[in-house]
Amino acid sequence: MPELPEVETVRRELENKIKEKIIKEVTIGKTEKIIQRPAPIKFVAQLKDKKIIGLNRRGKYLIICLDSGERLIIHLGMTGVIIYPYDDKTIQLKGLNSKHNHLSLVFTDHTQLVFNDVRRFGKLYLLSNSEEIESINKLGIEPLEDNFTLEVFKKILNSTKKTKIKSFLMNQTFITGLGNIYANEVLFRANIHPLRSILSLTEEEIERLYQEIKTVLTIAIQCGGSTVADEAFRNTSGEKGSFAEKIQVYARQGEPCKKCGQPIEVIRIEGRSSFICPRCQKL
DNA sequence: AGCAGCTCCTGTACGC
DNA sequence: TGCGTACAGGAGCTGC
């Protein structure tokens, strides 16, 4: 699923490709629920004739800035993909079906950008320059920004001591950008069991955790994101990222731990699969 | 406060 | 072969 590194990969690629382009035509799919606001008719009308001046990211949200001061905000959900330049024939080769296209932007140079999302967990917003949304306002700190220091990390941990560490990492209001794959990887690499409470963590473990959050996300961005078996992450050209090869625990149940050889186990935490090495990550 | 459990959704994998 | 079912999970929600 797209987490911070995947969204950042899309942002970087897309920024080079679509900056300065002017939207000529806007088409939305039948599933209008994906458009959170404004109402679909207004959403389409307001995008028309706008020029793209830059792309930002906040957590897992992609923010496309327009010359009008408005922002087109995209959350990829589980299976959302942005394809540019879009071509009806070639997307099938990438394993995508055009019936799941939910937004299409045709630019004045006749190239096309498409947002495709099979499971429809993605969300689209078009906000005026002053408009804000709660889901972004409440997001926590960006783990790759300079202000995410060890001291700040400890302070955030201190605000919610009883929470289990996996829940903490997955909760976007503390640190934003980690999803199930990277939360699993970070905990494995730091040798910490996902059910450990924050209160139980030693100073050393907290430091390892801090380092691994930054390391894992940085490596993943360098790899252009990840793609695992059931997951459809593609960059904007439809290519798969290469972080998948570096994954240590996610979806490896039954396979030997890459550190000690013990079979990886899977447990469910808050409805999500957690993959652990029972020897390296003790409760 | 924290968490279990449910919802949204479709494609894939599996058992019979 | 085909049908039913479980599963994948980001985020928002209810309710204990």
Side-chain angles (χ1 to χ4, degrees), chain A residues 1-8 10 29-37 57-62 73-82 91-92 94-103 115-125 133-140 143 156-187 193-201 217 220 225-234 244 247 249-254 264-275 283:
Chain A
M1 70 259 38
E3 307 177 27
L4 187 154
E6 288 74 30
V7 181
E8 180 59 22
V10 170
K30 288 182 186 134
T31 312
E32 298 186 338
K33 270 182 78 175
I34 288 178
I35 299 167
Q36 301 293 300
R37 69 153 77 170
R57 180 191 54 76
R58 181 80 175 94
K60 303 176 192 173
Y61 290 83
L62 184 69
I73 299 182
I74 302 178
H75 193 295
L76 299 172
M78 273 280 298
T79 51
V81 191
I82 294 170
I91 65 145
Q92 291 169 31
K94 318 282 186 189
L96 300 171
N97 189 326
S98 62
K99 74 177 180 187
H100 302 303
N101 290 354
H102 302 295
L103 174 67
F115 171 68
N116 178 293
D117 183 11
V118 185
R119 293 185 208 171
R120 299 192 232 160
F121 282 8
K123 289 178 169 57
L124 300 171
Y125 307 81
I133 48 172
E134 179 60 20
S135 46
I136 288 187
N137 283 344
K138 71 179 187 190
L139 293 177
I156 304 169
L157 283 169
N158 267 324
S159 68
T160 175
K161 286 180 179 167
K162 277 191 254 172
T163 313
K164 304 273 184 287
I165 192 61
K166 170 111 191 276
S167 312
F168 172 86
L169 293 176
M170 297 283 284
N171 187 326
Q172 304 299 305
T173 68
F174 297 124
I175 299 169
T176 182
L178 290 169
N180 202 32
I181 295 178
Y182 293 109
N184 271 291
E185 292 303 308
V186 164
L187 289 168
H193 193 287
L195 288 175
R196 292 274 302 280
S197 77
I198 286 169
L199 206 61
S200 78
L201 297 179
L217 293 177
S226 62
T227 302
V228 275
D230 179 48
E231 188 220 341
F233 174 73
R234 300 286 191 282
I247 281 176
V249 275
Y250 186 81
R252 293 194 65 246
Q253 67 272 33
I264 298 297
E265 292 178 2
V266 56
I267 56 173
R268 284 191 81 79
I269 301 171
E270 292 174 17
R272 303 286 170 262
S273 297
S274 285
F275 302 90
L283 196 55

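Chain letters run A, B, ... following the sequence lines, proteins first, then strands; residues in each count from 1. Atoms considered below: every heavy atom in the structure, side chains included; atoms not considered: hydrogens, waters and symmetry mates.
- Taking CG from A/L178 and CE from A/M170, the interatomic distance works out to 9.0 Å, rounded to the nearest 0.5 Å.
- Distance A/Q36 CD to C/dG10 C1': 12 Å, rounded to the nearest Å.
- Here A/K164 lies in heavy-atom contact (under 4.0 Å) with sugar-phosphate atoms only.
- Of the side-chain N and O atoms in A/T163, none sit less than 4.0 angstrom from OP1 or OP2 of B/dA1.
- Contact annotation: side chain of A/R272 to base of C/dA8, donor-acceptor pair absent below 3.5 Å.
- Ring geometry for A/H102 against A/F115 counts as tilted: the plane angle lies between 30° and 60°, on a 0 to 90° scale.
- No donor-acceptor distance shorter than 3.5 angstrom exists from the side chain of A/E8 to the backbone of A/R57, with no hydrogens or angles considered.
- Counting any heavy atom pair closer than 4.0 Å across all strands shown, A/K138 reaches sugar-phosphate atoms only and no base atom.
- OP1 or OP2 of B/dC8 has not a single side-chain nitrogen or oxygen of A/K33 nearer than 4.0 Å.
- The shortest distance between the side-chain N/O atoms of A/K60 and the OP1/OP2 oxygens of C/dA11 is below 4.0 Å.
- In this entry the distance linking CD of A/E3 with P of C/dA11 reads 9 Å, nearest Å.
- You cannot call A/F121 stacked on the base of C/dA11; the centres under 5.5 Å and planes under 30° rule is not satisfied.
- One interatomic measurement links the two molecules: CD of A/E270 to P of B/dT7, which rounds to 18 Å at whole-angstrom precision.
- We find that CZ of A/R37 is positioned 13 Å from P of C/dG12, with the value rounded to whole Å.
- Note on A/S273: a side-chain N or O is less than 4.0 Å away from OP1 or OP2 of C/dA8.
- Not one side-chain nitrogen or oxygen of A/H100 sits closer than 4.0 Å to the OP1 or OP2 atom of B/dC9.
- Contact annotation: A/Q172 does not reach the phosphate of C/dG10 (side-chain N/O to OP1 or OP2, under 4.0 Å).
- Heavy-atom minimum distance, A/D117 versus A/G122: OD2-N, 2.7 Å.
- Checking A/K99 against A/G271, the closest nucleotide of DNA chain B that is more toward the 5' end is the one next to A/G271.
- Along DNA chain C, the nucleotide closest to A/Q253 and the one closest to A/H75 are compared, and the more 5′ of them pairs with A/Q253.
- The distance between atom CD1 of A/I198 and atom P of B/dA1, rounded to the nearest whole Å, is 14 Å.
- Between C/dG10 and A/Y182, no contact under 4.0 Å exists linking OP1 or OP2 to a side-chain N or O.
- Side-chain proximity of A/M170 to C/dG10, C/dG9, B/dG11: nearest is C/dG10.
- Taken to the nearest 0.5 Å, the OG1 atom of A/T176 stands 7.0 Å off from the NZ atom of A/K60.
- Per the geometry, CZ belonging to A/F275 stands 11 Å off C1' belonging to C/dC7, to the nearest Å.
- Rounded to a whole Å, the CE atom of A/M78 is 18 Å from the P atom of B/dT7.
- The aromatic rings of A/F168 and A/F174 lie parallel to each other, with less than 30° between the two planes, well short of the 60° mark.
- Rounded to whole Å, the distance from CD1 on A/I181 to P on C/dG9 is 8 Å.
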